[in-house]
S.K.: 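Dumping the structure here so I can ask a few things about it.
Computed from heavy atoms alone, side chains included, the values below leave out hydrogens, waters and symmetry copies. Everything quoted here is computed from the prediction, not taken from an experiment.
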Amino acid sequence: MFSRLLLARGYHSTKGVFGYRPRPKPHYQGVSGAVQEQRNRNGNVYRWIEAYRNHGHRIASIDPVRFRAPGEPDTGEPLPELDYTRYGVQAADRIDPSGLLHVPAPATPGALSPEELDRVLREMYCGTCSIELAFIESQEEREWLTERYERLFERQLGADERREIAELMLKSQAFDHFLATKFPTVKRYGGEGAESMMAFYRELFRCAADADLRNIVIGMPHRGKLNVLTTLFGTRPAKIFRKFKGYPEFPADARAMCDIASHFHTSTDITVGGKTFHLNMLHNPSHLEAVNPVSMGKTRAKQLALRDGPYGDDPAAGPSKALNVQVHGDAAFPGQGINQECLFMAEVPHFEVNGTIHLVVNNQVGFTTPAARGRGTRYVTDLAKSIMAPVVHVNADDPEALTRVTQLAVDYRQRFGKDFFIDLNCFRRWGHNELDDPTMTNPLLYKVVHARDSIPDVYARKLIDAGLLDQDDVNAISKSYQNHLTAELQAHEQYEPERSYFERQWSGLQQPGDEVTVWNTGLDYRLLSHIGRESVRLPEDFNVHPHLKKTHVDARLRRLAEGQRIDWATAETLAIGSLLYQGYNVRLSGEDVGRGTFSQRHAMLVDQETNEIYIPLNGMAADGVPELGRFELANSILSEEAVLGFEYGMAIDSPNSLVIWEAQFGDFFNGAQIIIDTFLVSGETKWMVCNGLVMLLPHGYDGAASEHSSCRMERFLQMTDSRESSPDGDDVNLQIINPSTPAQYFHALRRQMIRNYRKPLLVVAPKTLLRLSDCVSTHADFAPGTYFQPVLADPEGGATVDPKRVRRVVLCSGKHYYTLQAERKARNVNDVALVRLESLCPFPVQAIRDELAKYPNAREFVWSQEEHRNMGAWTFVQPRFENMCERRIQYRGRAEGATVAVGVGKWHAQQLEDVIKTTFQ
C-alpha cells in the first residue's frame with residue numbers, strides 16, 4: 001500500500017493550509033511590575049512622555065531643506081500636546097525617569113527637572129529621527145518598539161564605522177561627479193542628495209550577517225541605483241561605462257535586445273564579518289513601484305527553496321532567512337496603487353514573505369511636482385499605517401541615525417515578521433534627471449538646495465571636527481575613487497560582458513533554437529488514473545458538500561474508470577498531479593482558484609461541518625517516489641497587478657515550479673498590463689531573465705456583453721515577436737494557445753516543465769467548454785508518445801467528410817470549433833473541413849501545410865472566429881497564413897467593433913447566426 005504522505009495526508013485546517021502557517025506570537029515580557037508601579041506613581045509624567053512618543057514626530061527636525069525653523073510645526077506655533085503643564089507637571093517637580101523611559105537612569109533618583117527631561121525627549125523624539133507608532137494596535141509591539149527605539153540612542157558608532165560611512169558616501173559623490181564630467185549628456189539618475197542610502201545598505205548587510213540571513217532580495221528604482229551597484233554591490237563600473245558608450249551588456253550569443261543601464265540588476269554573494277549571503281537586486285522597468293511585488297514573489301521563492309519561513313516545518317522557527325527589501329520614491333509610493341495592493345497582500349496566506357523592510361527615498365519632490373501636490377497626507381509613508389507598520393522618519397544629514405534605525409528595522413522584522421518603513425528625508429540635487437532644470441517649477445526649494453553643501457561634505461566635515469578625519473583624508477578618498485573610475489573607463493572596451501544567466505538553479509536550461517521540438521508529455525494511464533483517484537480521496541471523517549460528492553468526487557471516479565470522457569478539470573488535475581509526482585512544485589494563484597471561477601476545479605475542499613480545508617493532491621500516496629513536489633493553492637486578494645507581479649517573481653526564481661495565474665475572467669488581465677508589458681513578455685529580451693509563468697484567461701462569447709467575453713488575445717498576439725515570414729520555431733517571447741480539448745491542455749501544462757527552456761504561456765482558457773459534453777478526451781489522448789499538437793486535424797476526415805471532396809477548409813480556434821462542428825452536422829455538410837489552430841504563437845506553419853496537403857481539391861480557405869474583425873486572431877493569422885502557406889484566406893466573423901460584444905441578447909444571437917451562416921455559405 002502507498003505509504004508516502006505529504007503534510008498529514010494533505011489534511012489542513014484554516015489554521016494551517018499548505019504554504020501558510022500563522023506566525024506564532026513572539027513572547028514579549030512587556031513591562032515589569034516595578035516599572036508599572038513607577039508609571040502609576042508618575043502618571044502625569046508618563047502621559048506627558050507618551051505624548052512625545054505619539055506626537056513628537058510632528059515637529060521633528062527631519063527635513064534637510066526645510067523652509068521653517070527647527071522644532072517648529074507648520075503653523076509656527078508650539079505643539080500643545082508636548083507642553084508638560086498640560087499634564088499637571090509643575091516646573092518645580094523633580095522626576096526620576098527610570099521605568100518611564102528606556103534609558104539609563106540618572107545617578108540620583110529624581111534628578112531631572114521637567115525642563116531637563118523635556119530636552120531629553122525632544123532630542124529623542126523631535127531630533128533628526130522620529131518614530132510613528134500610535135496607530136499600532138498591538139501593545140506588545142508598541143512596548144517593544146518604544147524600548148528598542150529609545151535604546152537606539154545608547155549605541156555610539158565607533159570611529160571605524162563612522163569613517164566607513166563617510167567613505168561610502170564620498171565614493172557615491174565621486175561617482176556622480178565623474179559621470180557628470182565624462183558623460184554630461186547621459187541621464188544617470190544619480191544619488192546626489194540621497195547619499196545616506198549608503199549607510200542604510202551598509203548597516204543592512206551587517207545586520208543580515210548577524211542574523212545569519214541567506215538571501216536578500218531588493219526592488220529599487222533608478223535613483224542612486226548605479227551608485228550602490230558600483231560602490232557596494234560589486235558591479236564593475238566598466239560595465240556601466242560600456243553601456244553608456246553604446247555597447248550591449250550581454251555576450252554576442254545571447255538573444256537579447258538589452259536595456260538601459262538604470263534598469264540593471266545584480267546577483268552576487270556578499271561577505272560581511274566572515275558570513276556570506278546572496279544578494280539579488282532585480283531588474284526594474286521605468287514604471288515606478290512595479291518591481292515591488294516581483295521582489296516579494298522572488299523572496300517567497302527563495303523561502304520555498306530554503307524550506308523556512310512560510311514553508312518551514314517548524315512554525316516557531318521565526319522569520320525566513322530570505323529578506324525582502326523595497327526602495328520607494330516619495331511621489332511614487334503614495335501615488336501608485338500597486339503599493340496598496342502589495343501592502344494588503346503582505347500578510348495574506350501564500351503571499352506573505354515574513355516582513356519587508358521599506359526605504360522611502362524622500363526627495364520631497366516628484367517628477368517636477370511639489371510634495372503638497374503629490375499627496376494629500378502629511379507623510380509619504382502614511383499608507384503604511386493601513387497595515388500598522390512602524391514608521392521612522394530620518395533626516396538624511398544624519399547617516400548615523402539612519403544606521404541605528406536600519407538596525408531597528410531588521411530587528412523588528414526578525415522578531416515580528418512584519419513590514420517596517422524608513423522615511424529618509426533628503427533632496428534631489430538636480431531635476432528629474434541631470435539634464436532637467438527643477439527651478440522652473442520649484443524655485444524656492446532649489447534656492448535652498450543649491451545654497452547648501454552636499455550630504456557627504458557635511459558629514460565629512462562633522463568627522464573632521466571630531467578628529468576622525470582631516471581634509472587630506474577626505475580628498476584622498478575622493479581622488480582614489482576617481483582614479484579607480486578612470487581606470488575602469490579606460491578598460492571598458494576590454495570588458496567582457498558577463499554571462500550571468502542560466503546559473504545556480506537555472507543551470508541546465510537554455511534559450512530555445514529556431515527549430516520545432518516535439519516534447520513527449522504522455523504518461524501511462526495507470527499512473528494517471530491513480531493520480532486522479534488520489535485527487536478525490538478524502539479522509540473518512542471529512543464532510544464533503546453533498547453536491548460535490550455527486551458531481552465532483554463520484555463523477556471523476558466514474559470518468560477515470562471508464563477512461564473515455566475525461567473532462568477539462570480532470571485533465572488539469574492529472575497534469576498537476578503528474579508534475580508533483582515527478583518532483584516539480586506547482587503553484588496556482590488567483591481569485592478563488594481553489595474552487596475555480598466556474599466551480600469546475602475543486603482542488604481544495606472545505607469540510608461542511610468544521611470549515612477545515614483539505615487539498616487531496618498534497619496527500620497523494622506515491623510509493624517509491626523520493627520526494628513529491630508541493631501543490632500550493634493561493635487564493636489571492638482582489639488584485640491583478642500586484643498578484644501577477646508576485647507570480648512572475650516566483651517564476652523567475654523557480655524554474656522547477658510550475659507557476660500558474662488564473663484571471664477570474666479573461667479581461668481582468670488589463671489590471672496587470674504594466675506587469676505583462678514590462679516584465680512578462682519582455683524580461684527575457686531585455687534582461688535575459690526567463691520565466692515559465694502560465695496565464696489562464698477565460699475567454700468565449702456567451703451573450704454576457706462586453707465585460708468578460710474576451711481575453712483580448714489580439715493584444716497578446718501583437719506583443720509577440722513572431723515574424724510574418726519565418727520558420728515556426730519555439731523561440732518566441734510568449735507562447736499563446738487556444739486549446740480545444742482537455743488532453744491538449746494537459747500536454748501544454750506538462751510541456752512547460754518537461755522541456756529544457758522556459759517561456760511564458762498564455763492559455764486562452766474555456767468557460768462553456770468546461771462542461772460541454774463534446775469537449776472530452778479519452779485515455780489514449782494521454783498515453784506515452786502523445787504530445788501537444790499545434791494543429792488538430794478534422795476528426796470527420798475519412799468518415800462523413802471525404803478529404804478529396806473538400807472544397808473549403810475552415811480554420812478556427814478554441815471553443816468556436818464546437819459551434820461550427822454542430823452546425824456542419826445539422827446542415828449535413830460534407831465538403832467543408834474544420835482545422836483547429838491550437839497554437840497561435842508560435843504560428844505552426846509546417847503543421848498547417850501538412851494538414852492542408854490532405855485536401856488537394858480545396859479552393860477556398862477561410863478563417864472563422866466569433867470575435868470582431870479587429871479583434872481575435874484574424875489580423876495575426878492572415879499575413880502569416882498568406883505569406884508562409886502561400887494561399888489567400890478569407891474572413892468570416894463579426895464586423896469591426898468598438899467593444900468586444902453587444903449587450904443585447906437578440907443581437908448577440910443574430911450576430912452568431914450570421915458568423916455561422918457566412919462560414920458555410
S.K.: Centres of the Phe416 and Trp144 rings: under 6.0 Å?
M.R.: yes
S.K.: Does one side chain, of Thr146 or His102, offer a donor that lies under 3.5 Å from an acceptor on the other?
M.R.: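 His102 and Thr146 do not have a side-chain donor-acceptor pair below 3.5 Å.
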S.K.: Can Asp259 and Trp687 be counted as having a side-chain donor-acceptor contact under 3.5 angstrom?
M.R.: yes
S.K.: Using ring centroids (six-membered ring only for Trp), state whether His432 and Tyr189 fall under 6.0 Å.
M.R.: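 Between Tyr189 and His432, the centre distance is under 6.0 Å.
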S.K.: Between Tyr201 and Phe233, is the ring centroid distance below 6.0 Å?
M.R.: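 Centroid separation for Tyr201 and Phe233: below 6.0 Å.
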S.K.: Can you check whether Ser172's main-chain N or O pairs, donor with acceptor, with Asn227's side chain at less than 3.5 Å?
M.R.: yes
S.K.: Are the charged groups of Lys385 and Asp382 less than 4.0 angstrom apart, N to O?
M.R.: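 Salt bridge between Lys385 and Asp382, a charged N being under 4.0 Å from a carboxylate O: yes.
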S.K.: Going by an N to O cut-off under 4.0 Å, is there a salt bridge joining Glu81 and Arg58?
M.R.: yes
S.K.: Are more than 12 heavy atoms from other residues, nucleotides or ligands located less than 6.0 Å from atom CD of Gln673?
M.R.: yes
S.K.: Would you mind reporting whether Ile216 and Val325 have side-chain heavy atoms less than 4.5 Å apart?
M.R.: yes
S.K.: Classify the ring geometry between His328 and His358 as parallel (under 30°), tilted (30 to 60°) or perpendicular (over 60°).
M.R.: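 Correct class here is parallel.
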S.K.: With the threshold set at 4.0 Å, does a side-chain nitrogen-carboxylate oxygen contact exist between Arg236 and Glu488?
M.R.: yes
S.K.: Please determine if Arg452 and Asp397 form a salt bridge, counting it only when a charged side-chain N lies under 4.0 Å from a carboxylate O.
M.R.: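 A salt bridge is present here (some side-chain N lies under 4.0 Å from a carboxylate O).
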S.K.: May I ask you to check whether Tyr446 and Phe427 place their ring centres under 6.0 Å from each other?
M.R.: no
S.K.: Side chains of Asn395 and Asp63: is there a donor and an acceptor less than 3.5 Å apart?
M.R.: no
S.K.: So that I know where these two stand, are Tyr125 and Tyr149 an aromatic pair - ring centroids less than 6.0 Å apart?
M.R.: yes
S.K.: Below 6.0 angstrom between ring centroids: does that apply to His283 and Phe679?
M.R.: no
S.K.: Look at Asp210 together with Arg206 and state whether they make a salt bridge at an N to O cut-off of under 4.0 Å.
M.R.: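 Here Asp210 pairs with Arg206 in a salt bridge, since their nearest N and O are under 4.0 Å apart.
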S.K.: Under 4.0 Å between a Lys/Arg side-chain N and an Asp/Glu carboxylate O for Arg163 and Asp160?
M.R.: yes
S.K.: Going by an N to O cut-off under 4.0 Å, is there a salt bridge joining Arg122 and Asp118?
M.R.: yes
S.K.: Per the salt bridge (Lys or Arg N to Asp or Glu O under 4.0 Å) rule, which among Lys239, Lys686, Arg242, Lys243 passes with Glu249?
M.R.: Lys243
S.K.: Hey, mind stepping through Ser454 and Glu195 against side-chain hydrogen bond (donor to acceptor under 3.5 Å, both in side chains) and telling me if it holds?
M.R.: CA-CA 9 Å; Ser454 72; Glu195 292 93 345; 5.5 Å; no
S.K.: Classify the side-chain pair Arg188/Asn433 by whether it contains a donor and acceptor separated by less than 3.5 Å.
M.R.: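 Side-chain D/A pair, Arg188 to Asn433: absent.
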S.K.: Answer with yes or no whether the side chains of Arg461 and Gln471 bring together a donor and an acceptor at under 3.5 Å.
M.R.: no
S.K.: If I take atom CZ from residue Phe178 and atom OG1 from residue Thr181, how far apart are they, to the nearest 0.5 angstrom?
M.R.: 8.0 Å
S.K.: Using a strict threshold of under 4.0 Å (side-chain N to carboxylate O), is an ion pair present between Arg404 and Glu203?
M.R.: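 Arg404 and Glu203: not salt-bridged.
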S.K.: Are Phe421 and Tyr379 an aromatic pair, judged by ring center distance below 6.0 Å?
M.R.: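 No; Phe421 has its ring centre 6.0 Å or more from that of Tyr379.
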S.K.: Indicate yes or no: does Glu164 engage Arg202 in a salt bridge with an N to O separation below 4.0 Å.
M.R.: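 Counted as a salt bridge, because a side-chain N and a carboxylate O are separated by less than 4.0 Å.
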S.K.: For a quick check under 3.5 Å, do Asn362 and Asn425 share a side-chain donor-acceptor pair by atom type?
M.R.: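 Yes, Asn425 and Asn362 have a side-chain donor paired with an acceptor closer than 3.5 Å.
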S.K.: Is the NZ or CZ atom of Lys418 both under 6.0 Å from the centre of the six-membered ring of Tyr412 and within 45° of that ring's axis?
M.R.: no
S.K.: Any ion pair linking Arg151 and Glu154 (charged N to carboxylate O, less than 4.0 Å)?
M.R.: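 Result for this pair is yes, salt bridge flagged.
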S.K.: Assess the side chains of Asn339 and Asn292: does a donor N or O sit below 3.5 Å from an acceptor N or O?
M.R.: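 Looking only at side-chain atoms, Asn292 and Asn339 do form a donor-acceptor pair, the distance falling under 3.5 Å.
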S.K.: Regarding Tyr481 and Glu167, do their side chains bring together a donor and an acceptor under 3.5 Å, going by distance alone?
M.R.: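 Checked: Tyr481/Glu167 side chains show no N/O donor-acceptor pair below 3.5 Å.
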S.K.: Quick one: do Arg223 and Glu192 make a salt bridge, cutoff under 4.0 Å?
M.R.: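 Salt bridge flag = no for Glu192 with Arg223.
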S.K.: Are side-chain N/O atoms of Tyr459 and Glu400 paired as donor and acceptor at under 3.5 Å?
M.R.: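 Yes, a side-chain donor-acceptor pair sits under 3.5 Å.
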